[in-house]
Amino acid sequence: MDPEKAQQLAAELEVEMMADMYNRMTNACHRKCVPPHYKEAELSKGEAVCLDRCVAKYLDLHERLGRKLTELSVQDEEMMRKNAIGQ
């Protein structure tokens, strides 16, 4: 696969993953913070605060997981490289 196609595929995959994360976050925070039966058309102060905190936590966790997965991937690559050299 040529580098340009690989880069385009990676970009498309990233957009798909971000859309999935956004949808999961939206659903999770909505279920947690907004009651199923609406009383008012607008969010209450408590609902808005809950949603804000939920989104912040979700994004923080997503960032932490991304860093950890990157770290593990780098470690795996180094281990594979060392094993390939040692053989």
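Quick note: numbers below take in every heavy atom, side chains included, and nothing from hydrogens, waters or symmetry partners. These figures come from a predicted structure and were not determined experimentally.
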Could you walk me through whether Glu12 and Gln8 pass side chain to side chain donor-acceptor pair (under 3.5 Å), step by step?
-> CA-CA 6 Å; Glu12 289 172 3; Gln8 181 180 0; 3.2 Å; yes
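Within 6.0 Å of CD on Glu71 lie more than 12 heavy atoms contributed by other residues, nucleotides or ligands. More than 12 heavy-atom neighbours from other residues, nucleotides or ligands sit within 6.0 angstrom of CD on Gln75.
Taken from NZ in Lys32 to CG in Leu51, the straight-line distance is 9.5 Å, to the nearest 0.5 Å. Taking NE2 of His30 as the reference point, atom SG of Cys54 lies at 11.5 Å (rounded to 0.5 Å). In this structure, CE in Met21 is found 9.5 Å from CE in Met17, a value given to the nearest 0.5 Å. The OG1 atom of Thr26 sits 12.0 Å away from atom CZ of Arg24, with the distance rounded to the nearest 0.5 Å. To the nearest 0.5 angstrom, Asp76 atom CG is 5.5 Å from Met79 atom CE.
Residues near Val49 contribute nothing to a hydrophobic cluster around it, because no ILVMFWY side-chain heavy atom sits closer than 4.5 Å to its side chain.
A distance-only check finds no donor-acceptor pair linking the side chain of Asp60 to the backbone of Ala56 [under 3.5 Å]. Remark: the backbone N or O of Gly66 is paired with a side-chain donor or acceptor of Thr70 at under 3.5 angstrom. In terms of modelled atom types and a separation under 3.5 Å, the side chain of Asn27 and the main chain of Asn23 share a donor-acceptor contact.
Cys pair Cys33 and Cys50 passes the test of SG atoms under 2.5 Å apart.
Taking a cutoff of 4.0 Å between a charged side-chain nitrogen and a carboxylate oxygen, Glu78 and Arg81 do not qualify as a salt bridge.
Between Glu47 and Pro35, some side-chain heavy-atom pair lies under the 4.5 Å cut-off. Considering only heavy atoms from C-beta on, Leu61 stays 4.5 Å or farther from Lys57 through its side chain.
Across Val55 and Cys29, no two heavy atoms sit closer than the pair N-SG, 3.7 Å.
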